[in-house]
Amino acid sequence: MNKNLKEQVLRSGGVNVLKCMRCGKCSGTCPSYGEMEYHPHQFVYMVEKGDIETLMKSESIYKCLTCFACVDRCPRGVEPAKVVEAVRLAAVRQQGNNHLEPSEIPALLDEDLPQQAIVTAMRKYAK
Amino acid sequence: MQRIGVFVCHCGTNIAATVDVKAVAEALGHEPGVVISQDYQYMCSESGQELVKSAIREQKLTGVVICSCSPRMHENTFRKAAASAGLNPYLVEIANIREQCSWIHKDIATATDKAIILGKAAVAKVHLNTPLSSMESPVVKRALVIGGGIAGIQTALDIAEAGFDVDIVEKQPTIGGKMAQIDKTFPTLDCAACILTPKMVEASQNEHITIHSFSEVADVKGFVGNFTVKIKKKARYVDETKCTGCGLCTEKCPMKKVPNEFNMGLDNRSAVYIPFAQAVPKVATIDPNYCMMLRSGKCGVCSKVCSAGAIDYKQQDTFIEQKYGAIVVATGFNPINLDKYDEFAYNQCPDVVTSLELERLMNAAGPNGGTLLRPSDKSHPHTIVFVQCVGSRCDDEKGKPYCSKICCMYTAKHAMLIREKYPDTEVYVFYIDVRTPGKNFDEFYRRAVEQYNVHYIKGMVGKVTPKSDGKIDVQASDLLANEQLHIDADMVVLAAAIEPDKTARPLATMLTTQMDTNDFFTEAHPKLRPVESATAGIFLSGACQGPKDIPETVAQGSAAAAKAIGLLCKNSITCNPCVAHSDELMCNGCSSCEKVCPYGAITYIDKEFRMPDRTTKVRRVASVNPAVCQGCGACTVACPSGAMDLSGFSNSQIMAEVDAICK
Amino acid sequence: METFTYYPGCTLRTKAKDLDTYARVSAEALGIKLEEPADWQCCGGAYTTAKDEIATKLSAVRVLNSAKEAETPLITVCSACHNVIKQTEYDISRDEEMASKVNNYLGLSEPYTGGTKVYHYLEMLRDVVGFDKLKEKVVNPFTGRKIAAYYGCLLLRPAKALAMDDPENPTIIEDFIRAIGGTPVIYAQRNECCGGYITMEDKAQAQKRSGAVMGSAKDMGAEMVITACPLCLYNLKKNSGSDLPVYYFTELLAEALGLKEASNE
Amino acid sequence: MQEAMIKRAKELLADGSVDRVIGWKRGEFAYDITPAVFTSAEELEHDFVFDDFTAANVSKYLVKETAKEGKILAFLKPCDTYSFNQLIKEHRIDREKVYVVGIPGGPKLDIEKIKAKGITGVLSVKNEDYTLKIETLYGEETMPFSEAVLDKCASCKSKKHVAYDELIGEDGDVLESNRFDMVEKLENMTAQERFDFWRGQLSKCIRCNACRNVCPACTCENCVFDNPKSGIDNKAAADSFEENMFHIIRAFHVAGRCTDCGECSRVCPQHIPLHLLNRKFIKDINELYGEYQAGADTTSRAPLTDYTKDDCEPSVVHERGVE
Amino acid sequence: MQVNENFEPVIVAFCCNWCSYAGADLSGTNRLNYPTNVKIIRVPCSCRVNPMFILRAFQKGADGVIICGCHPGDCHYTSGNYFTRRRITLLYSMLDFLGIERNRTRLEWVSAAEGAKFAATMEQFTADVKALGPNRRLEDLRCRKQ
């Protein structure tokens with residue numbers, strides 16, 4: 001368990017994972033559940049346990065749609081999406097760990113793709 | 001010369017762990033007038049009390065200070081002990097060094113200092129205590145039960161059994177409450193109506209019970225033993241004394257499209273209606289929101305068909321006033337509104353229902369005559385998903401922070417009944433925890449799983465998507481399998497959280513009783529006085545005090561009745577002697593005090609005074625009726641001359657405490 | 001005529017010109033003056049909830065501050081901008097630490113600590129114009145047309161910050177559809193994410209999500225879907241595989257008000 | 001006016017309507033006027049005075065006077081009638097035993113303001129067309145009338161009699177006054193400035209009790225400051241009690257009952273503006289609980305024995321004005 | 001303002017028996033800490049608190065006085081706290097008018113269920129009074145602690 005990392009994630013996320021009552025509603029409502037290796041409730045639980053590196057290495061951190069369904073529907077106000085984002089930021093902030101490089105973008109474009117998609121991708125996946 | 005005894009309690013380690021009790025006893029021993037200062041492990045125990053008693057006798061004490069837990073806990077205990085040793089009980093003061101010292105502080109040195117100061121304040125006060133003796137006030141031998149559900153019915157029956165008159169005030173047209181809507185009861189699966197309706201009939205036939213149905217409490221005045229309650233009897237546009245309950249009017253009424261609240265709006269009733277066949281009183285009521293006669297003056301069919309001539313379109317709300325010695329609150333609960341939880345599609349799909357709606361759907365007297373059919377297309381559901389904890393255990397504004405307590409059991413019951421009656425139906429229950437503490441409860445739940453093969457899944461439903469083909473996509477997590485499920489369901493049943501009835505809050509204000517932040521009534525003591533409110537003479541019955549199932553409700557109803565009977569048995573009760581009194585020599589007769597007295601306890605008399613020059617002078621002075629005064633002290637501050645003072649909390653006593661604390 | 005500081009956002013300048021153009025002409029017809037601040041920047045498209053992210057919040061604070069200086073409410077029509085700006089406003093007015101860090105960066109003449117009222121264009125229609133008033137101005141009603149409102153995630157959540165409508169039981173777009181004479185189609189997926197944000201990362205996922213949304217709308221009988229979000233529009237059109245048409249709500253608004261032709265000239 | 005009053009008083013004594021008359025008589029000096037009770041026409045002829053110095057409010061005397069046998073005639077200026085009504089409301093005066101003749105009010109003169117001009121040895125003061133002709137041991141002096149007006153009259157709140165059996169002269173109206181100006185000025189100071197102001201004023205107090213003794217709201221049978229059981233008894237200046245407590249408690253005791261007659265400040269030998277404390281309460285009551293004038297009637301509920309469910313919270317005090 | 005770290009203010013809290021005193025007990029039962037500076041005096045109702053008591057406390061050297069009662073509408077005696085509210089509003093306003101620091105006085109409604117609010121209120125009030133330093137403006141010098 002990496003204490004510093006856990007503290008950093010909790011501070012950055014501004015979330016109290018101890019409020020979780022393990023109902024699993026976040027994972028019940030998550031539209032990206034099927035794409036994730038670790039699911040929203042696991043993010044909360046693993047952050048609580050301090051097992052953050054596992055999450056940082058997982059592709060799951062890029063699968064969250066930031067749709068806040070888990071945030072609004074969590075009965076305990078845990079806000080799992082903010083936990084996911086905090087872990088993702090911890091990952092992409094590491095040197096050379098950008099998930100998306102500007103050079104990769106042209107290949108992904110099509111003529112109708114709105115700017116919004118590009119700026120959000122950069123914001124979410126790169127530092 | 002005062003001879004004061006100080007007794008410092010360790011409360012095991014509750015006090016002694018953070019307060020140096022020996023140091024407290026030592027320090028207080030040096031206070032003026034203190035002749036004995038001791039510490040002891042458990043002052044409230046038999047031997048602890050004996051210590052106090054023998055000190056009173058041997059040291060001829062004139063005052064006692066106990067440094068212990070809150071006076072709300074044991075003030076009475078020590079007052080009684082003092083009285084039995086021959087000391088006036090009001091010469092005892094408590095210094096609260098547990099709840100307000102040892103339990104909130106960690107540092108022994110500062111906690112001990114504070115305990116000493118609290119002790120000194122109590123010693124300073126007890127110096128000025130005077131012996132007080134209680135007045136007696138008569139008890140009206142009649143009880144009021146507010147709410148006519150199973151809790152209220154049970155309480156009323158028990159009080160009546162003891163020979164006292166009791167009135168039930170019920171806001172609906174019939175008594176019966178939620179239990180009347182329930183189909184079967186757990187864990188025995190006996191029919192709710194079969195056990196409830198005989199009690200309803202018994203209540204209506206008992207000579208000691210008066211039922212005010214379709215009525216509300218409008219105002220409460222007075223105090224324990226002597227409440228005056230104003231009851232509003234709402235206009236039902238039917239003369240209760242004439243209506244025979246034949247039901248002809250309800251058959252003939254042309255307005256048939258009124259959502260039937262007894263069936264949770266799952267079918268319709270007529271504008272003139274009797275809620276259900278076993279209603280008590282079995283009297284029709286006209287719904288003014290739908291009755292065409294009352295709305296537009298055109299119709300009058302019910303009046304024409306009523307051979308008893310009971311229909312009265314001109315009926316008005318009436319008020320009656322009655323005196324009571326005791327009041328029992330039994331206002332019950334309701335499921336919460338589910339508008340904020342539409343991820344479960346309750347507002348979008350008629351086949352997503354609450355558990356109480358399912359009760360009606362399964363009930364023989366319900367909209368489908370007891371056959372479980374989907375509300376949308378009246379087809380048999382083959383896959384049913386139950387969702388637990390909808391709005392319970394929530395830490396947000398939408399839901400309730402508490403566990404609603406009854407849902408795990410009634411869901412097991414529903415699941416089991418469905419599997420019993422329709423074995424081809426698959427039943428899924430999504431749970432967070434299954435909570436079944438209770439006699440034969442866990443066994444009951446296990447039967448649902450083991451014998452009836454109900455699929456219990458640890459996880460929560462996250463999204464319900466109704467589809468045009470009538471199927472309902474239920475997306476949920478299965479935490480143990482670590483997967484997200486999609487179930488093609490025919491019906492979804494939501495275990496909505498329960499909340500106190502909305503009428504409880506204004507009622508609590510009228511009764512001057514306390515509620516918690518969830519609007520449940522607060523009991524006088526969470527463990528030792530569970531059916532009394534902190535306000536004397538007001539008792540609590542059923543779910544108005546907290547979520548409860550039927551056996552618990554009935555038990556509490558009977559317990560509240562026992563407490564009420566205990567009060568009604570007395571011819572008089574001892575009044576609190578800590579009441580206001582006016583010093584006639586100082587009173588100006590200005591009427592300020594009278595204006596702030598909530599009880600009307602102050603009157604004015606013209607009194608003759610002998611003047612120094614031997615003449616006499618007649619002056620208007622205040623006089624307090626000690627049986628009516630409740631001792632709030634509002635008058636003492638309103639009085640400009642300081643003539644009005646409060647026994648037990650006198651100006652000089654409070655200032656002595658102030659001085660001791662500020663020293 | 002009520003004046004708003006209007007923040008179009010980057011996408012409305014390029015790929016989502018329709019959303020912008022129709023919004024402007026309709027506003028004018030409804031007596032609403034939209035004033036674009038001189039030097040706005042892209043809001044970033046997604047709000048970073050992390051407490052220790054400051055730089056990503058600056059452009060939203062700048063535009064909030066422009067509105068404050070202009071002493072008008074701020075209005076946006078793009079769901080994403082709306083989401084970012086409202087979340088920024090919510091946090092900066094509650095989180096003192098964040099506010100002080102942001103202001104340290106920005107060095108405004110007067111620190112910005114919240115206070116600008118932010119409207120989505122739809123809220124303006126509801127709360128300023130009023131759907132009843134709008135209904136009176138409709139010349140080409142969508143009578144008999146079954147229209148499905150697509151809220152997606154950005155318009156409603158997180159509900160505390162956006163405070164636009166009940167996140168599970170929204171009515172604002174349905175009320176809009178009624179105002180322009182159409183029949184709203186209620187379907188459960190209207191407030192579920194279409195997966196737009198992930199369209200570059202994971203096409204398959206975007207296809208699955210948008211397919212589910214469009215499938216649900218069509219299943220409940222919709223003839224068309226309307227949205228306020230350029231990314232949703234792109235994703236629902238491009239990736240869902242559905243034949244159901246998708247429009248910006250402003251396009252229907254302009255058409256209902258009889259302004260569509262004129263604005264295309 | 002004085003003649004008309006004496007004439008009417010004699011008539012009422014003669015026909016037995018009243019047994020006594022309360023008015024004013026002169027003391028050692030022309031300006032030294034005190035309330036007095038007259039029982040005969042001769043006494044009236046000889047001693048009764050009503051002039052520019054008869055400022056004293058006689059209503060308080062009626063508490064004792066109406067406790068006696070017989071009926072008394074009271075000459076009340078408009079401001080005195082408010083005090084009179086308030087005492088009726090508090091059952092301190094027996095209305096049946098008073099015959100009230102309303103007489104015109106001030107402005108009355110303040111001898112201290114004349115002396116402040118360096119005019120000493122005053123023998124008599126005459127008002128000739130709003131110029132005072134002052135006869136002194138050292139010759140005649142003059143000064144403008146307006147500069148010698150009592151403070152309490154300068155901010156007069158009402159020329160209307162709220163209680164009377166008959167009037168001599170015309171009745172006036174309730175006035176728009178500037179009486180809260182000084183309170184407002186203090187409110188706008190900083191806490192430290194306010195503290196310094198009051199410390200400067202209250203430290204002058206010699207605890208002569210003149211303010212209490214003259215106050216028509218202070219008619220207690222036994223004052224709390226004289227009562228050892230009250231816990232705040234303090235009969236004479238012994239410590240800083242006067243600076244810290246006495247005047248706050250006194251102001252609080254009369255809050256909602258004080259009619260703002262201004263007698264407290266008029267009689268204070270140390271010239272402490274005590275009326276400002278009372279006016280502060282009056283201003284707060286008006287602002288927080290609605291306009292209220294003590295003594296305007298005999299039936300309304302006093303603000304401190306009344307409430308509404310949506311009264312403001314005490315925190316308003318801490319949220320407004322200057323700290 | 002200069003804050004003396006070692007300054008421990010004397011704080012008198014008047015609590016009504018039915019709500020706030022019970023709320024204080026509840027914070028004890030829940031082991032919620034608040035500073036030892038706070039000493040509670042039990043009164044039947046907040047309307048029993050005579051302004052004289054408050055002044056007396058300051059005179060004798062208290063640095064802060066707080067009154068706690070049932071929430072308006074929930075008074076055990078129906079109307080007591082409504083009178084309290086008016087009286088104490090006017091008194092506090094007068095103290096402010098005399099230049100006494102505002103943060104030395106407070107009134108808070110605390111129900112029997114609000115143990116956490118009681119503790120938090122006392123924590124905050126103590127900190128506020130501590131920041132003000134010793135009460136010198138109302139203190140009677142003869143009563144000063146040596």
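Letters A, B, ... mirror the listed sequences (proteins, then strands); counts begin at 1.
- Only the side chain of B:Q514 has a heavy atom closer than 4.5 Å to any heavy atom of chain E.
- Using a cutoff of 4.0 Å between basic side-chain nitrogens and carboxylate oxygens, B:E499 and B:K400 are scored as salt-bridged.
- Within the 4.5 angstrom heavy-atom criterion, only side-chain atoms of B:I117, from C-beta onward, approach chain E.
- The cationic atom of E:R48 (NZ for Lys, CZ for Arg) does not lie both less than 6.0 Å from the six-membered ring centre of B:F649 and within 45° of the ring axis.
- Contact check on B:E657 versus E:R42 returns no salt bridge, with no Lys/Arg side-chain nitrogen under 4.0 Å from an Asp/Glu carboxylate oxygen.
- Inspection of non-hydrogen atoms places B:E99, B:Q100, B:W103, B:I104, B:H105 of residues 98-105 of chain B under 4.5 Å from chain E.
- B:V624 and B:S582 make their closest contact through CG2-N, 4.5 Å (heavy atoms, listed as atom of the first residue, atom of the second, distance).
- Between B:A601 and B:C629, the shortest heavy-atom distance links the atoms CB-N, 3.6 Å.
- Proximity to chain B involves both the backbone and the side chain of E:F53, based on heavy atoms less than 4.5 angstrom apart.
- Neither the backbone nor the side chain of E:Y82 has a heavy atom closer than 4.5 Å to any heavy atom of chain B.
- For E:V49, the part lying under 4.5 angstrom from a heavy atom of chain B is the backbone only.
- Contact tally against chain B (heavy-atom pairs below 4.5 Å) for E:A113, E:C47, E:C16: the top residue is E:C47.
- Salt-bridge check for B:R505 with E:D74: passed, with a basic side-chain N closer than 4.0 Å to an acidic carboxylate O.
- Residue contact with chain E, scored on non-hydrogen atoms closer than 4.5 Å, is absent for B:K221.
- B:A638 touches chain E through backbone and side chain together, each having a heavy atom under 4.5 Å away.
- Of the two parts of E:R87, only the side chain, counted from C-beta on, holds a non-hydrogen atom closer than 4.5 Å to a non-hydrogen atom of chain B.
- If you tally non-hydrogen atom pairs under 4.5 Å between each of B:A111, B:P71, B:C635 and chain E, the highest count goes to B:P71.
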Side-chain donor-acceptor pairs under 3.5 Å in residues 118-126 of chain B, sequence neighbours left out?
residue : atom : partner : partner atom : Å
B:K125  : NZ   : B:G648  : O            : 3.1

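- Ion pairing between E:R106 and E:D128 holds under the 4.0 Å rule for side-chain N and carboxylate O.
- Taking each heavy atom of E:A24 and E:I40 in turn, the nearest pair found is CB-CD1, 3.7 Å.
- Listed options B:T535, B:T512, B:T522 were ranked by heavy-atom pairs under 4.5 angstrom with chain E; first place goes to B:T512.
- Among B:M515, B:M510, B:E75, the residue making the largest number of heavy-atom pairs under 4.5 Å with chain E is B:E75.
- Of the two parts of B:N651, the backbone and the side chain both hold a non-hydrogen atom closer than 4.5 Å to a non-hydrogen atom of chain E.
- Taking both residues in full, the closest heavy atoms of B:P530 and B:E523 are given as O-CB, 3.6 Å, listed atom of the first, atom of the second, then distance.
- Looking at B:Q653 and B:H127, their side chains never bring a donor and an acceptor atom within 3.5 Å of each other.
- Put simply, the residue from E:V12, E:V10, E:T105, E:D63 that forms a side-chain contact (heavy atoms from CB on, under 4.5 Å) with E:F58 is E:T105.
- Contact tally against chain B (heavy-atom pairs below 4.5 Å) for E:T84, E:I11, E:L26, E:L32: the top residue is E:L32.
- Remark: the B:S533 side chain and the B:T513 side chain contain no N/O donor-acceptor pair separated by less than 3.5 Å.
- Neither the backbone nor the side chain of E:A119 comes within contact range of chain B; no heavy atoms are under 4.5 Å apart.
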